[in-house]
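Letters A, B, ... are given to chains in the order of the sequence lines, protein chains preceding strands, and every chain is numbered from 1. Not measured: the values here are computed from a predicted model. All heavy atoms count here, side chains included; hydrogens, waters and symmetry mates do not.
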2 protein chains.
Amino acid sequence: MHKGSSLNKEVALLKRYLTKNHLKLTQQREAILEAFLKVDHITAEELYREISKKKRPQMGLATIYRTLNLLCEIGIGQQRHFDDNRTIYDNVLHKKHHDHLICNKCEKIIEFESPAIERLQEEMAARHGFTLSNHRLELFGHCIDWKNCRDWQKSAGR
Amino acid sequence: MHKGSSLNKEVALLKRYLTKNHLKLTQQREAILEAFLKVDHITAEELYREISKKKRPQMGLATIYRTLNLLCEIGIGQQRHFDDNRTIYDNVLHKKHHDHLICNKCEKIIEFESPAIERLQEEMAARHGFTLSNHRLELFGHCIDWKNCRDWQKSAGR
DNA sequence: TTGATATTGATTCTGATTCTCAAAATACAC
DNA sequence: GTGTATTTTGAGAATCAGAATCAATATCAA
């Protein structure tokens, strides 16, 4: 079973990490990585449904969690807690690092990037003797369309 | 039992909000607010222990959660999820808004503020048609003392 | 191919937060 | 002040995401 042979650099990265740590490259891990690389961000539950319905019906949810955490350790993923309950895993390779602009009234989430902010972040970190590996920036507010926001009437009426 | 009469502006704010929404100012809410205003940030559990041991042994944990969420709605508090599991409630009035610099190796958390970054954030928000109410910036990395970090040996040895 | 070791999946467990509901407290009209 | 409608409380149950357990299975290196 020589699989697709399209072992790109992420799979290579995974392999290297696994080997270095005496871990094993399993079909599950490969399938999860493959699916994860296709998305921008996803929850464990979504990824579970995605994979178990399309590829491996017998895949266990625990394996999803374990592997997503693995990907976060490698640096391919990053955990992010939105509001309450939802934890999403960002694919940090999918595009350049980006930050989020989140509307409190509707569910709109805009991704943006600002090299200027990143530069200042590095500066602040250096000033405090830190070397940065990553960061998380979330701006909350309301968007210009707030009159059309889904939750506006509900929250205004409270 | 005319309590202290030191109803400062935060209690007044709480009162105004409660009245406006046909809610009631209870002794529990007042006690929780009072305790919350003394700290910089705290978890629900910590606040529960603090209050139930020192002031009101019969205080229910659910009331702590309910009231903390109330304070967040008013804008006195802000929820923040660290790593996994821990959710802390920031007292946003306690000091000027600050961001966090978090060491991945030890548990060190440094608070900092950067008006320059804030300014750029406003700029980005405006560019996308957003009006900001608050934000959250967390920088992850390792501190200069990483050789002394508590978890360093553990994680290096993995 | 073998054997030591790591991983999986099913399940259970955990711990944080929310929900439930009868009893108690509060606000407001009088 | 008093009465009463309404909200809140506390105790415990329910919920839920995520982690832990463990026997069965897959992987890797020799």
Side-chain angles (χ1 to χ4, degrees), chain A residues 1-3 7 11 14-33 35 42-49 51-53 55-74 77-89 158, chain B residues 1-3 7 11 14-33 42-49 51-53 55-74 77 79-89 158:
Chain A
M1 190 251 283
H2 57 104
K3 53 198 88 89
L7 297 178
V11 177
L14 176 60
K15 258 186 163 163
R16 209 179 320 133
Y17 179 88
L18 294 175
T19 303
K20 188 163 61 180
N21 291 278
H22 311 292
L23 305 175
K24 293 170 180 176
L25 180 63
T26 62
Q27 301 186 329
Q28 287 89 336
R29 283 175 175 167
E30 208 163 343
I32 292 170
L33 175 60
I42 196 166
T43 66
E45 199 65 47
E46 285 165 356
L47 189 55
Y48 174 60
R49 272 182 265 119
I51 290 184
S52 64
K53 278 178 186 158
K55 294 280 179 71
R56 316 183 124 261
Q58 79 294 3
M59 170 82 73
L61 181 53
T63 302
I64 302 281
Y65 278 106
R66 284 185 289 232
T67 306
L68 281 174
N69 289 337
L70 189 60
L71 297 183
C72 288
E73 284 182 38
I74 299 176
Q78 185 179 349
Q79 231 177 286
R80 193 179 291 268
H81 298 269
F82 271 112
D83 309 86
D84 276 324
N85 47 31
R86 283 191 307 158
T87 294
I88 69 168
Y89 290 82
R158 247 189 303 182
Chain B
M1 192 249 283
H2 59 106
K3 54 199 88 84
L7 297 179
V11 177
L14 176 60
K15 258 185 162 164
R16 211 179 317 134
Y17 179 89
L18 294 175
T19 304
K20 188 163 63 182
N21 291 278
H22 310 294
L23 303 176
K24 293 171 181 176
L25 179 63
T26 61
Q27 299 186 329
Q28 287 87 338
R29 284 176 173 165
E30 208 163 340
I32 291 170
L33 174 60
I42 196 166
T43 66
E45 199 66 45
E46 286 164 356
L47 190 55
Y48 174 61
R49 271 182 267 119
I51 290 184
S52 64
K53 279 181 187 157
K55 293 281 180 73
R56 317 183 122 260
Q58 79 293 3
M59 170 82 72
L61 182 53
T63 301
I64 301 281
Y65 277 105
R66 283 186 290 235
T67 305
L68 281 174
N69 289 337
L70 188 62
L71 297 182
C72 288
E73 284 182 38
I74 300 176
Q79 235 177 285
R80 192 180 292 268
H81 300 269
F82 272 111
D83 307 85
D84 275 324
N85 49 30
R86 281 191 309 156
T87 295
I88 68 168
Y89 291 82
R158 249 189 300 184

Identify the two heavy atoms, one from [X] and one from [Y], that lie closest to each other, and give their separation to 0.1 Å.
X	Y	answer
A:Arg56	A:Ala31	CD-CB, 4.0 Å
B:Tyr89	B:Cys72	CD2-SG, 3.7 Å
B:Thr63	B:Ile32	O-CD1, 3.8 Å
B:Leu14	B:Leu70	CD1-CD2, 4.4 Å
A:Leu18	A:Lys24	CD1-O, 3.7 Å

Return the angle between end axes of the helix from C:dT1-D:dA30 to C:dC30-D:dG1, with five pairs used per end and rounding to 10°.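 Computed angle between terminal axes is 50°.
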Look at [X] and [N] and indicate whether a side-chain polar atom (N or O) is within less than 4.0 Å of OP1 or OP2.
X	N	result
A:Asn69	D:dG18	no
A:Tyr65	D:dG18	yes
B:Thr87	C:dT17	yes

When rounded to the nearest 0.5 angstrom, what is the spacing between [atom1] in [X] and [atom2] in [Y]?
X	Y	atom1	atom2	value
A:Leu61	A:Arg66	CG	CZ	9.5 Å
A:Leu25	A:Tyr17	CG	OH	14.0 Å
A:Leu68	A:Glu73	CG	CD	12.0 Å

Got a sec, which residues hit side chain to side chain donor-acceptor pair (under 3.5 Å) with [X], two or more places apart in sequence or on another chain?
X	result
A:Arg16	none
B:Arg29	none
B:Thr26	none

Give me the one residue out of B:Ile88, B:Ile64, B:Leu47 that meets side-chain contact (heavy atoms from CB on, under 4.5 Å) with B:Ile42.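 Per the side-chain contact (heavy atoms from CB on, under 4.5 Å) rule, the option paired with B:Ile42 is B:Leu47, out of B:Ile88, B:Ile64, B:Leu47.
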For atom [atom1] of [X] and atom [atom2] of [N], their distance in whole Å:
X	N	atom1	atom2	value
B:Asn21	C:dT26	CG	P	19 Å
A:Ile88	D:dG18	CD1	P	12 Å
A:Tyr89	D:dG18	OH	C1'	8 Å
A:Leu47	D:dA17	CG	P	15 Å
A:His22	C:dT7	NE2	P	11 Å
A:Ile64	D:dA19	CD1	C1'	15 Å
B:Arg49	C:dG15	CZ	C1'	13 Å
A:Glu45	D:dT15	CD	P	16 Å

Pair of N/O donor and acceptor under 3.5 Å linking D:dG18 base with A:Arg66 side chain: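 Such a pair does not exist between side chain and base.
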If you look at every strand shown and take non-hydrogen atoms under 4.0 Å, does B:Arg29 touch a base, only sugar-phosphate, or nothing?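 If one applies the 4.0 Å heavy-atom cut-off, B:Arg29 turns out to touch the sugar-phosphate alone, with no base involved.
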Might you list the N or O atoms of the protein lying below 3.5 Å from N or O atoms in nucleotides 27-30 of chain D, with each pair's distance?
{"unit_1": "D:dT27", "atom_1": "O2", "unit_2": "A:Lys24", "atom_2": "NZ", "d": "2.8"}
{"unit_1": "D:dC28", "atom_1": "OP1", "unit_2": "A:Leu25", "atom_2": "N", "d": "3.4"}

Any residue in residues 55-63 of chain A with a heavy atom nearer than 4.0 angstrom to DNA chain D? Just list them by number, or reply none.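 Those residues are A:Ala62.
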